Amino acid sequence: MLLPARCERLNRTVSGNTFPTLTSLDKTVAMPDEGKRPSDDEQEDVISKAIGEFGRWQLLFTFLLSLVNIPCTWHIFAPTFHSAERDTWCARPAIFADVAPSVWKNCTGQADGYCWMLDANAWNATGGHFCEDPNALERVKCRGWEFAGEGETIISEFNLVCDRQSLNSFGEMMFLAGVAIGGLVCGILSDKYGRKRTLMASILIQTLLGTVIAFSPWFLMYAFLRAALGFISVSVVFSGFVLTIELVGGDWRTVAGISYLFPVSLSYVTIAGIAWLLKDWRQLQLAISLPGFLFLALWWYLPESPRWLLALGRTQEVMVILEKAARFNGRELPPNIDKQLLPESADEPAENVSVADLFKTAPMRKRTVCLFLIWFSVYLVYYGLVLNLGNIGGNLYVNSVLQGAVEIPAVAISIFILLKSGRRWPLSLTMIISGVACACTLPLYLFADLQWVTTSLTMLSKFCISSSNAVMPVFTAELYPTTIRNIGVGAANVSAGIALMLVPYLWNLSSIHASVPMSVLAVFGILGGLSVLFLPETGGSRLVDTIKEEKHAARMSDIENSQIKKINNNCCT
């Protein structure tokens, strides 16, 4: 029998000599031979060497691009205040207009609801006094309603109560359906027409749509305009994100990509303050829409992505951008930079890929199915908490500020995670802890005086799922080969879109029991976190470029595991 130390040496021999593992050193790119087309990484290295991976130029524009998240987040979160719940009762007839609402509700039997009431008109018809023998009256359906509080909400203006109450969820579902579809379309537009053009056109349309919504005379018009707004808002976010990470290089892509989300937390805090000052939903809608016109000034200053231009062979435009960037960063361009940017013909034809490639091999099928479940779970929990703050109890405005406050450290920690701690375990743990925090709120529904505990646990869940939401896109992109990466991420967005469309109806489950919505979030948080453990770690690994490489790597891994298993068996015999 061989000693364990000998077995360990043999294992290292198999994995180290026969089947070398990939490390971060494999990312080092050698200078291409003359006449050969440089790879994408080499082209990107040319740009980074020319202007630097990160400097004052990149800092300025990545900061400005991150600010486009503010109006987008305002529009996503606005329905929380547009449809804020208020004390409601059946409208008083003119003859009883002077009766106090509390007395009116008590005498007409509206203590348990406002859809039906005792027929108060019978008092007037019989000549009786108000509130005289109310038990003798029949119940009738309410035809109008009155609402407490200042200003109008969409509920009070469009009477979204009783048999029209479901329309409120329909309106929010329309917006999120637009987000789901827009996420698939905007990538195509961005690749075809450029990041800058897509971004600026989307900002203009978003601002116009947001302004028109404030003057909607009918609810259906409001709902369909919100759907269009959701479609275009995700285009703003996506185009801005892609342009941000393409202006920087190296590890700064991770930092810039995650930092792009920092203004989201500011948005939650500021819209709470705006909504507190402006009680009318139309005024609030105008206040969050009109600032969008300020971003149109970026058209004259914002550069197009030099990497996108380079991919299209538009080297003259790339040179203009690099000259401005180098001058702003205090650098000098290499004397032969124009020759380094010249496109060269490819040695091999490009791979023909499609959505079907996500399911062709067993490892790819497992990866894709797991990612579908993870994206569905993260979006369901994240937006289930964000868009239902009014249902968890406590003060709506305070809860909005708190969720914005917990977003800041969650995003900051995500940068550290991606740079130092890998992807797999941090993503799994943050999702599981988020689900467990939701589960811990369930017993508290029996104790109304422990609202602060419920709020604290909800914010802990929001903190963890915010970190998951920041890590997940990077992890997903690294799991797919370059040639199919956009398709893989786009396909995962489909399951996220389904989750988004279900979110408005989530809290309708409280009709079964008040704890059911949080139970659903708890289950999917834990289930999604466990699904991450079925995926490989990507931190520090070389990114695979083609499906052919992916299949080869999987085959070599199988051979390596087989050899190690054989040696271990020999060691133990």
Side-chain angles (χ1 to χ4, degrees), residues 24 27-29 38-69 187 190-191 194-200 236-264 298 301-312 314-315 317-334 337 340-341 411-420 423 470-478 482 485-486 489 538-540 542-543:
S24 58
K27 297 180 182 179
T28 304
V29 181
S39 68
D40 291 339
D41 287 339
E42 290 166 343
Q43 286 185 336
E44 291 172 358
D45 191 57
V46 170
I47 294 176
S48 296
K49 285 183 177 179
I51 62 175
E53 292 182 349
F54 194 84
R56 289 183 299 171
W57 184 78
Q58 289 94 333
L59 175 62
L60 172 64
F61 289 115
T62 54
F63 170 73
L64 292 176
L65 285 168
S66 70
L67 296 181
V68 303
N69 279 294
S190 181
D191 284 341
R195 285 61 164 126
K196 177 182 176 179
R197 286 184 179 180
T198 305
L199 173 63
M200 299 311 301
V236 173
V237 174
F238 183 87
S239 301
F241 176 77
V242 172
L243 183 53
T244 293
I245 63 175
E246 289 182 347
L247 291 178
V248 300
D251 288 339
W252 285 102
R253 286 191 179 180
T254 299
V255 177
I258 301 299
S259 299
Y260 180 76
L261 300 176
F262 272 120
V264 171
L298 289 176
Y301 303 99
L302 193 66
E304 180 55 89
S305 167
R307 307 187 195 282
W308 178 78
L309 292 171
L310 186 59
L312 297 181
R314 295 158 61 174
T315 55
E317 295 175 63
V318 176
M319 280 297 302
V320 173
I321 294 174
L322 295 186
E323 288 171 357
K324 292 180 179 179
R327 188 163 54 249
F328 199 89
N329 284 342
R331 299 171 62 101
E332 291 186 4
L333 291 177
I337 183 65
Q340 296 181 47
L341 295 176
V411 173
I413 289 174
S414 299
I415 297 176
F416 175 81
I417 289 174
L418 290 174
L419 292 177
K420 301 293 183 181
R423 283 78 161 125
V471 174
M472 179 181 65
V474 177
F475 188 38
T476 302
E478 293 175 345
T482 301
R485 187 164 295 138
N486 286 340
V489 175
T538 61
R542 182 180 68 86
L543 297 182

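Owing to the predicted nature of the structure, the values given are computational and were not obtained by experimental measurement.
Contact between N329 and G55 at its shortest, heavy atoms only, is OD1-C, 3.4 Å. Listed here is the closest heavy atom pair of R56 and G330: NH2-N, 4.1 Å. Between A50 and A326, the shortest heavy-atom contact is O-CB, 4.3 Å. For the residue pair S414 and I258, the shortest heavy atom distance occurs at CB-CG2, 4.1 Å. Residues V318 and P306 come closest through the heavy atom pair CG2-O, 3.6 Å. Of all heavy-atom pairs between A256 and V248, the closest is CB-CG2, 4.0 Å.
Applying the side chain to side chain contact (heavy atoms under 4.5 Å, CB included) rule to V68 yields the partners I203, V236, Y260, F295; only residues at least two apart in sequence or on another chain are considered. Every residue was checked against the ring pair (Phe, Tyr, Trp, His ring centres under 6.0 Å) condition with F475, not counting sequence neighbours, and none meets it. The side chain to side chain contact (heavy atoms under 4.5 Å, CB included) search around L59 returns F54, not counting sequence neighbours.
Between the side chain of Q58 and the backbone N or O of G52 there is at least one donor-acceptor pair closer than 3.5 Å. With hydrogens and angles disregarded, no donor-acceptor distance shorter than 3.5 Å links the side chain of N69 to the backbone of P263.
No more than 12 heavy atoms of other residues, nucleotides or ligands lie within 6.0 Å of CZ in F63, so this atom counts as exposed by the packing criterion. Shown here is R314, whose CZ atom has more than 12 heavy atoms of other residues, nucleotides or ligands within 6.0 Å.
Contact annotation: the side chain of F241 never approaches that of T244 to less than 4.5 Å [non-hydrogen atoms, C-beta and beyond]. You'll find the side chain of L298 stays beyond 4.5 Å of the side chain of L199, heavy atoms only. In this structure, the side chains of P303 and L247 come closer than 4.5 Å at one or more pairs of heavy atoms. By the 4.5 Å heavy-atom criterion applied to side chains, E317 and E304 are not counted as neighbours. F328 is listed as a side-chain neighbour of L60, based on a closest heavy-atom distance under 4.5 Å.
The only member of V320, L322, I321 that meets side-chain contact (heavy atoms from CB on, under 4.5 Å) when paired with K324 is V320.
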Stepwise side chain to side chain contact (heavy atoms under 4.5 Å, CB included) check, L302 with L243: CA-CA 10 Å; L302 193 66; L243 183 53; 3.8 Å; yes
